[in-house]
Every structure is written in structure tokens, then in C-alpha cells.
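Model, not experiment: these values are computed from the prediction. Every chain is numbered from 1 and lettered A, B, ... according to where its sequence line falls, protein lines coming before strand lines.
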Amino acid sequence: MNRASDDLFSPALDGLNPAQRLAAGQRGGPVLVIAGAGSGKTRTLVHRVAYLVERGVDPSRILLLTFTRKAAQEMLNRARELNPQCARVEGGTFHSLCYRLLRAHASRLGLNRQFTVIDRGDCEQLIRGVINEQKLKTKGDRQFPKARTINDIISKSRNQELALEDAIEQWAGHLLGYMEEINKAAQGFAAAKRAQGLVDYDDLLFLAEELLRDHDDLRQRFSQHWQHLLVDEYQDTNAVQARLLKLLASEHDNLMVVGDDAQSIYRFRGARVQNIFEFPQDYPGAKVVKLEQNYRSTQAILDLSNEVIAQAWHRYDKKLFTERLGGKRPVLRRPRDDRGQARLVSERIAELITAGNKPEDIAVLFRASRDSYELELELTAGRVPFVKVGGFRFLEASHIKDALSHLRVISNPSDFLSWQRLLMLLPGVGPKKAQTAISHLVDAESPELYLGRLASAPGLAGAAVERLVELMSELSDPSATPLTLVEAVIDYYEPICRETHEDYPRRLRDLEELPGLARGFSTLAEFMAEVVLEPPNSYAAETQGGRITLSTVHSAKGLEWPNVFILWATDGRLPPQMALMDPESLEEERRLMYVACTRAAGELTILAPMESYQRGRGVVNNELSRFLAELPHGLLDNPRENVFEVPLPQAPTPQSRGSQHQDRPFPVGSMVEHNTFGKGRVMGYKGGKKILVHFERHGLKILLLEFANLNKV
DNA sequence: CGTTTACGTAGACTG
DNA sequence: TACGTAAACG
């Protein structure tokens, strides 16, 4: 009878705590799950999937969207253990979903059906080409923005949906003088993509939105097809992703999003933490469930983490708690410099391993990829095996791009970017000859024609070209599998790689990874899309056992280890110098520190070298990261066993601490009214003196409490 | 002579 | 790594 009671006894909800059960056992409609770090978010989603299937929802009509495809696969594997039928649930990333939709309906948008997905490096090269072609840069102009910078600006303007000028103003004010050139570059870039059938990551989202928005039959069809949508990491979605969800959910509103505003760390690439705040308004009647019990860390680590995030502008107030009371207090150590830091960490790692800890239970986290450089040297010297995650991307390595460019022109012959790349591998061919050869290819329509023209293009002759033509005709065999194609390319490219790269042994080893990736794909297009769409970090991580992990904080998102080290917890590194001027960036850095701390289950060691060497400035003193310096005493252990180490800075004065918690006249989340700005919602407090309000008509404002003159609504 | 290639140096985050 | 310049190539 009682509908709630049959849910309560659903086997699919076994083993969940009450809050998790409440979330996983929703029948439908919009649901927002605020899932604190380590609160069993994945577990909840897994059980949610099993619950829906158990209730009779066709598994293939459930769609699970996650940050990486690997995350989706892992969740679905776990769900399958609860109910084998869950194997048929569909899962992936936003980008892979968009790719599928576009692939199936490219013609509706007038898009080349053979379109190729390109990565950031490709975008930059395309922009570089436009700059040269249109002579946007006057010779010797050192101020002229790099292709990378221009691409960043374009991508930011698109992700945040700002006019290009506004994006330049906000992110690169010093380049306002190049407005016209950047504008032309952006237009040329867009034109080049269109002409060559290239689609970048941003395009995937916007084109898919266009497809569903402008073609009502498709919107209806897909929305009806996926009856339940589950979205992980909602705090890191951007505006267009939120609109895509709206379109996909339009027929039923069965949308569950899961996230944690305190862990939003992708603002720099367009993520809108507001999405998670606005969800209840976007979906009136949405249920909000908070998961606050942490199953990962000891109380000592949570105490620190809670304080780190306590002053953040986050609206969904929550305090993590755990049953793992006590635990070792996190340790703060202040070695003299990065070598001292590397030595301390590697020594401690050696101790941990000697004491019986497994290497794979140890992780070292840092803000930027190069922050681990000294430690890598130290670990290599000490023969401690490690795997580094983040920073380097397999697919962006030049030798991988070289090899793949041959396959790209097979699946999309108008991909001139790849033609250029592969032609320039030929001896005696530089940008000029490649360009003229390509202009002879332009109006060829079939791969065969391309081949004919390639062989006869002016300036191209000789044994190397013959080998290339031979390879291309081999690759044109429509019955060949991706695996055999990849092997043919490697056979062809290997001698070139040996010639051009000093460090060819390492590069050849990378190339040997490709056949393994290609295995199992039946079409070249599928394989190429997979390789571009799946963040390549995950490939290496699969095979690693017996190694400690070195990772950027971003790449560590969602993961945990019993023992965690955080490097460079200093002002200038975490937060980085660049973030110090911009309050919103600084907030993101604080969340990053929070994410870093909450990765630790049992033991957390934070390092903050006293000094560092900076180009142009020599040796400089480092302040302890402001996110730690502002904390009350007692949360961190600060041993003085090392001569270079210094005690914690002065504890904050009693009144400043007191004021943080007491002078909060309006509860976070409540509505207030301001004389000029009108109504708004309290998002949080800043430093005890400032309040953060999101006004309905004026957006986010930081106001001084003393003068704001706010009234309760 | 126009191109390609080799080389030295400035500059770097995060996916 | 990428760009600018200079040497080498054809």
C-alpha cells in the first residue's frame, strides 16, 4: 500500500544509509543530490541504476553521464553485480553522447557526416595557419598572442557564452589591443573547421544542442528514448551542458544530478558552479538530498577539510562527518626548498612501504604538472616506481599525432590539417610544399583521387612519396579493421620516427600502445572518436600496480588513497600567482585545496617549501598557502624535526574567528532584499565581514555586511 | 633564390 | 614545446 514502504525494502537499496537510500530510491522527477566528498556518491548512483532496473525500467533507456567514460563503465560494472541487466544501461560522457547524436544526424545540420573530432593541439595548429595565411601578425611582434592563447580565449568565450571582446577583457585584458586580429583569427578558425569537416570539443556540445533545439522530432525522440537521466559531477558542467540536459529531459523531467558545489574545479574551462545552485529553480519541485556522511577519511582529516572549505562561497551548507573518529592529525612540513621537499616525501614514502603499505595506496598530489619535477628525479634515483597522471596527454604527443594523422585523412579526406602534418614528415617537405600539394588535393572527391593527385603533386617525388602512396592505398581498403590499419601505419612511421626523434625508443614504445587501443573496434571512425574523446590518462592507469601515484589535483578528482601527500602548499603555487588577483579564481583554488585534502583516507602530509627559485627573481621566500595559514590551531601537526622547518603562523585572532561564525544574520540559502539590487539569495559569507548574494536581476555580488543594508524577505 | 632544417632561447597550469 | 634566426640545401 504505502509506496514509500515498498521502496524501503527494495533489494537494490540494501546497504545504503538513509540519505543515500532516499536519493537512490526516488521514483522519478528532478532530483539534486548534494554529495560531499567521500559520501558514497558512486555507490548511490550504482544503486540508483539497479533500483530503476528492478522497478522495470528498460536498462537501455537509462542514460548515465559522467566525467570520463571510464567512470561510467566502472559504475555500470558495479551495477551489473547488483543486477546483470544493468549491463545494458547506456553510459558515457557528454562529449561522447553528442558525438553519437551528431554522427547519426549530421545531415540535419549540414555537417559532413565524416566529420573528425579535433583536440586542443589541432585547434591551435589551425589557428596558427589562419594567422600565417591572413598575415595577422606583423613580423617581429613579440606581444602578439600565441595560438594557444587565442584558442583559450575563443574556447572561454564559447564556454561561458561571452562575446569575444568580453572574454578578452575578462581573461586577457593585456590583449585588448589585438581585438581585431583575434576576431579575424576566430572567424578564420571557424571557417577552416567547417571547410574541413572538423569539430572541436566545444562544437560537439553546441552542435548537439542545435540539433535537439531546432529539430523537435529529434528532441522528442531522444527524450522519450532515455526515460531516466543520471548525471554525475554536475558542479562541473557548463551552461550548454545544462541546456542539453533540459532538452533531453524535456519529455519527462526524470533527471537526477549528483554533485558537490565545494568540489567545482573546472571554472577555467567554462564549468558553471551556478548550475548546481540553480537546479531547483530550473526544475521546480526538484527534490534535494544531501549526503554528508563520509566513508573515506578519518575525523582528523575531515576537521581540516571542513575548515578549509568553511569560508568558501558555497551555498549548500554541509558538514562532513564520519564514524572513523580520531585518526592521525594531518602533518604540515616546511622543508627549505623543492629538493628538501622531494627528499622528505621520498623518505616518508620509503618508510611507509617498509612498514607494509602498498605503493598503490600512496599518492602525491600537486597543483601543476611541473610541481612534481624534483620528486620525480628523486623517486627515479631511489628506484621507487611511480605513475604520473595529468599533464602529459598521450594523444597530444607529436609522434602519436603523426601516426594518427594518416588514419584521419582516410576517414575524412578533407582533413587538410592532417594532410599537412603527414606530408611534412616527408624529407624535403616543409610548410610550403605541403601547402601547394594540398591545394592540388582540394577538389578531389574520393580517396583514390587524392592518392593520384598526391603522387603527381608538384615538388613531391622520390622513394618516400612512393612509400606514402603505397601506405595510403593500403589504408584505403574498406574491409581492413582498425587494428590492421594501425599496424600498417606504425610499420610506415617507425623509420621516420627513428630518423626525426632523438628519443625514439620511448616514442616507439608509446606507438606500441596503439594496436591495443584499436583492437575491438570495428570501424575506423569509432576508433578515432574514442581516442579523441576519452581522456587518455586513464589508459596508463589501468595497468599500474605496485606503483605510487603522482597526480595533479584535477586528475585526482573522485579518487582516494590511504596515504596522501600534497606538494607546494604555498601562496604562488596553491593558489598559483595568477589566481591571487581574481576572487573567483581564488575560490576555485580553495576548492582545489579542499579536493586535495579530501582524497586522503588515513594519512595526510602537506608540504610547503620555505623558498623557491623564480625565473628573473632568484630565490624567493614562500608564504604558507593562505588556505592553511588562516586555519585555527590544532588541525595540523607541525613537527620541528627538520632544521629548515618553522612553526605555523600566528593563529587568527579570537575575534576574527568568532566573527566568521557568529555574525551571519542571514542563513545561507535564504532570500534577502537590497535597496538597489532587489531580491537575491544568500550564497555564503566571506571573511566574516562580507556577504555573497546572488541577485535575481544583477547576479552575484559581494557586499560589505556593515553597509549592505539587507532585509529578510 | 626560396625552402627546409638545425639550433638556441624564452616560456610554460589545471582537462 | 614553439618561435625566430641562420646555415644548408636543391
Side-chain angles (χ1 to χ4, degrees), chain A residues 67-71 93-95 119-121 123-125 127-128 131-132 137-152 155-156 159 171 200-202 205 233 236-238 263-271 365-373 388-399 401 423-437 458-462 464 499-503 532-538 551-558 567-568 572-580 585 588-589 591-593 595-596 614-616:
Chain A
F67 209 64
T68 65
R69 190 175 295 197
K70 187 163 154 262
T93 61
F94 274 95
H95 289 96
D119 65 16
R120 189 178 69 177
C123 293
E124 285 166 18
Q125 210 157 324
I127 289 169
R128 217 168 282 135
I131 293 170
N132 292 333
K137 178 178 175 181
T138 46
K139 223 179 131 218
D141 182 353
R142 292 177 166 259
Q143 310 281 313
F144 196 89
K146 308 263 172 288
R148 169 185 232 134
T149 311
I150 295 179
N151 185 46
D152 277 353
S155 182
K156 283 202 160 100
N159 272 296
W171 295 95
D200 67 25
Y201 294 131
D202 300 331
L205 300 174
E233 310 279 14
D236 282 323
T237 54
N238 64 20
Q263 294 185 68
S264 173
I265 55 175
Y266 283 97
R267 195 181 82 100
F268 70 92
R269 67 168 203 204
L365 308 183
F366 34 87
R367 175 64 176 81
S369 192
R370 51 146 197 212
D371 290 345
S372 66
Y373 185 70
K388 186 170 175 185
V389 188
F392 169 79
R393 274 170 285 289
F394 181 67
L395 189 124
E396 287 178 17
S398 67
H399 49 294
K401 301 213 85 162
L423 287 172
M424 282 175 58
L425 292 170
L426 299 169
V429 179
K432 213 76 188 182
K433 275 189 205 160
Q435 205 50 57
T436 39
L460 294 187
E499 278 292 309
T500 47
H501 298 287
E502 190 95 330
D503 56 345
V532 185
L533 291 175
E534 180 60 6
N537 294 334
S538 46
S551 174
T552 59
V553 183
H554 282 95
S555 297
K557 171 166 146 172
L567 304 185
W568 288 112
R573 301 264 191 154
L574 180 49
Q577 204 67 42
M578 295 179 65
L580 297 180
S585 297
E588 177 135 311
E589 299 300 326
R591 298 192 292 263
L592 215 45
M593 177 68 92
V595 168
Q614 277 178 22
R615 177 177 32 82

(message) Go nucleotide by nucleotide along DNA chain B from the 5' end; which of A:Lys146 and A:Met424 gets its closest nucleotide reached first?
(response) A:Met424

(message) Holding to side chain to side chain donor-acceptor pair (under 3.5 Å), I want the full list of residues that pass it with A:Asn159, two or more places apart in sequence or in another chain.
(response) A:Ser155, A:Asp202, A:Asn238

(request) Kindly say if A:Ser555 contacts the phosphate of B:dG15, meaning a side-chain N or O under 4.0 Å from OP1 or OP2. (result) yes

(request) Measure from the side-chain heavy atoms of A:Arg128 and tell me the nearest of C:dC3, B:dC13, B:dG15. (result) C:dC3

(request) Flag as yes if A:Phe268 stacks onto the base of B:dT14 (centroids under 5.5 Å, planes under 30°), otherwise no. (result) yes

(message) Using whole Å, what does the distance between atom P of nucleotide B:dG15 and atom CD of A:Glu233 come to?
(response) 14 Å

(request) May I ask you to evaluate whether A:Ser369 reaches the phosphate of B:dT14, defined as a side-chain N or O under 4.0 Å from OP1 or OP2? (result) yes

(request) May I ask you to say what A:Tyr201 touches in the nucleic acid, namely base, sugar-phosphate or nothing, with a heavy-atom cut-off under 4.0 Å? (result) nothing

(request) Could you pull out all residues at least two apart from A:Phe268 that satisfy ring-ring contact (aromatic ring centres under 6.0 Å, His included)? (result) A:Tyr266, A:His554

(message) I want to check something: taking the side chain as every heavy atom from C-beta on, are A:Lys433 and A:Leu423 in contact at a cut-off of under 4.5 Å?
(response) no

(request) Please state how far atom OH in A:Tyr373 lies from atom C1' in B:dA12, giving the value in whole angstrom units. (result) 14 Å

Atom pairs, protein N/O to nucleotides 2-4 of chain B N/O, distance under 3.5 Å:
| from | atom 1 | to | atom 2 | distance (Å) |
| --- | --- | --- | --- | --- |
| B:dT4 | OP1 | A:Gly430 | N | 2.8 |
| B:dT4 | OP1 | A:Gly430 | O | 3.4 |
| B:dT4 | OP1 | A:Lys433 | N | 2.9 |
| B:dT4 | OP2 | A:Lys432 | N | 3.1 |
| B:dT4 | O5' | A:Gly430 | N | 3.3 |

(request) List for me each residue that meets salt bridge (charged side-chain N to carboxylate O under 4.0 Å, His left out) alongside A:Asp119, sequence neighbours excluded, and say none if there are none. (result) A:Lys401

Could you go over nucleotides 7-10 of chain C and give all protein N or O partners under 3.5 Å, atom names and distances?
none

(request) Only counting residues at least two apart or in another chain, list the ones meeting salt bridge (charged side-chain N to carboxylate O under 4.0 Å, His left out) with A:Asp200. (result) A:Arg158, A:Lys193

(message) Tell me every residue that passes side chain to side chain donor-acceptor pair (under 3.5 Å) with A:Arg267, counting only those two or more places apart in sequence or in another chain.
(response) A:Asp582, A:Ser585

(request) Can you sort out the partners of A:Arg269 under salt bridge (charged side-chain N to carboxylate O under 4.0 Å, His left out), two or more places apart, ordered by chain and number? (result) none

(request) Taking the side chain as every heavy atom from C-beta outward, state whether A:Phe67 and A:Thr93 have any atom pair closer than 4.5 Å. (result) no

(message) My understanding is that only residues two or more places apart in sequence, or in another chain, count here; which of them pass side chain to side chain donor-acceptor pair (under 3.5 Å) with A:Glu233?
(response) A:Lys41, A:Gln235

(request) Could you check how far CZ of A:Phe366 sits from P of B:dC13, rounded to whole Å? (result) 15 Å

(message) Without decimals, in angstroms, what is the distance between A:Lys388 NZ and B:dT14 C1'?
(response) 12 Å

